[in-house]
Amino acid sequence: KQAGYILFTRNYLEPVYYNSNPRPYEVKSELRLFATPGEYEPVSFAAFPLADLEGVTVKCGDLTGPNGAPLKAGAVDVRFVRQLARGVKPFMWVVGPEAIEPFASLNIPTGRTTQFWLTVRPPDDAAPGAYEGTVAFKPANKPASELKLTVVVLPFKLLEDPEMHF
């Protein structure tokens with residue numbers, strides 16, 4: 001609370017709305033996921049601002065894995081989730097998460113929860129094991145925070161289904 005915001009984690013399959021409040025069990029300082037080499041896998045967190053946040057940046061550093069194996073920061077794509085209005089019935093609108101967009105920095109007004117979406121893609125030659133690093137959340141006008149990021153790379157690759165076409 002002293003920092004002027006609360007960071008919280010929520011499963012990426014559960015929507016985070018602009019007026020979502022963090023549940024007590026969601027207030028953590030760690031993001032965890034697992035992926036196979038070459039797979040795209042998301043994880044998300046959100047900021048609940050108690051004061052206006054200006055010039056917010058979110059950056060992931062390099063991760064270190066088994067025997068010092070690196071997972072470069074470039075393997076993590078950081079975006080924010082844009083909230084847009086959409087019609088659900090005639091004369092009825094809902095504002096909710098609609099798009100993930102790249103950003104350099106954001107201004108987040110008091111009380112407007114903002115979700116950040118990280119997509120991790122371990123390279124095809126990534127060694128199996130746990131890779132650890134940090135995600136830095138830095139407002140220009142408030143103290144910075146870090147979230148620990150753990151990516152467990154599994155020891156196999158997913159097969160492509162030749163019958164599936166997208």
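- For the atom pair L158 CG and E39 CD, the distance stands at 5.0 Å (nearest 0.5 Å).
- Within the model, atoms CZ of R112 and CG of L106 stand 11.5 Å from one another, a figure rounded to the nearest 0.5 Å.
- Hydrophobic clustering places F156 together with F34 (ILVMFWY residues linked when any side-chain heavy atoms are closer than 4.5 Å, directly or through intermediates).
- At least one donor-acceptor pair closer than 3.5 Å links the side chain of D62 to the backbone N or O of A73.
- For W117 and Y12, the ring centers sit closer than 6.0 Å to each other.
- A 4.5 Å side-chain heavy-atom check between V16 and S44 finds every atom pair outside the cut-off.
- Counting only heavy atoms from C-beta outward, the side chains of Y40 and T119 approach each other to under 4.5 Å.
- Listed by chain and residue number, K148 satisfy the salt bridge (charged side-chain N to carboxylate O under 4.0 Å, His left out) test with E132 (two or more places apart in sequence, or in another chain).
- Partners of R23 under the salt bridge (charged side-chain N to carboxylate O under 4.0 Å, His left out) rule, at least two apart in sequence or in another chain, are E14, E26.
- When all heavy atoms of A126 and P37 are compared, the closest pair comes out as O-CG, 4.0 Å.
- In this structure the side chain of K138 never reaches within 4.5 angstrom of the side chain of K59, judged on heavy atoms.
- In this structure, L154 CG and E41 CD are separated by 9.5 Å, a value rounded to the nearest 0.5 Å.
- Atom OH of Y18 is separated from atom CD of Q115 by 15.5 Å, given to the nearest 0.5 angstrom.
- Among all heavy-atom pairs drawn from Q83 and P97, the shortest one is OE1-N, 3.3 Å.
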Please assess R82 against E98 for the test salt bridge (charged side-chain N to carboxylate O under 4.0 Å, His left out), listing each intermediate value before the final yes or no.
-> CA-CA 6 Å; R82 170 131 0 237; E98 286 294 320; over 6 Å; no

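- The side-chain heavy atoms of V151 and L63, taken from C-beta on, include a pair separated by under 4.5 Å.
- Within the 4.5 Å cutoff, no side-chain heavy atoms of L33 are placed close to those of V152.
- The two residues I108 and P49 come nearest to each other via the heavy atoms CG2-CG, 3.6 Å.
- Looking only at side-chain heavy atoms (C-beta outward), T64 and Y131 stay at 4.5 Å or farther from each other.
- V76 and L71 fall within the same hydrophobic cluster, where Ile, Leu, Val, Met, Phe, Trp and Tyr residues are linked whenever their side-chain heavy atoms come under 4.5 Å apart, directly or through other members.
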What do the steps show when you test V153 against T36 for side-chain contact (heavy atoms from CB on, under 4.5 Å), and what is the final call?
-> CA-CA 5 Å; V153 176; T36 61; over 6 Å; no

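- T113 contributes no side-chain N or O that, together with a main-chain N or O of F48, makes up a donor-acceptor pair within less than 3.5 Å.
- Using a 3.5 Å distance cut-off with no hydrogens or angles, the side chains of S145 and Y5 do pair a donor with an acceptor.
- With V135 as the fixed residue, the side chain to side chain contact (heavy atoms under 4.5 Å, CB included) test singles out one of V43, L7, V58: V58.
- Nearest heavy atom pair, residue S105 against residue T57, reads CB-CG2, 4.0 Å.
- Two residues are said to be in side-chain contact when any heavy atoms from C-beta on lie closer than 4.5 Å; F137 and L53 meet this criterion.
- N11 places a side-chain N or O within donor-acceptor distance of the main-chain N or O of L13, the cut-off being under 3.5 Å.
- Nearest heavy atoms, T134 versus E146: CG2-OE1, 3.7 Å.
- With rounding to the nearest 0.5 Å, the separation of CG in L147 from SG in C60 is 10.0 Å.
- Heavy-atom minimum distance, R79 versus D77: NE-OD2, 2.6 Å.
- At least one side-chain heavy atom of L31 sits less than 4.5 Å from a side-chain heavy atom of T9.
- At distances below 3.5 Å, not a single donor-acceptor pair connects side-chain atoms of D52 with backbone N or O atoms of P109.
- Using the six-membered ring where Trp is involved, F103 and F116 have ring planes that are tilted, between 30° and 60° apart.
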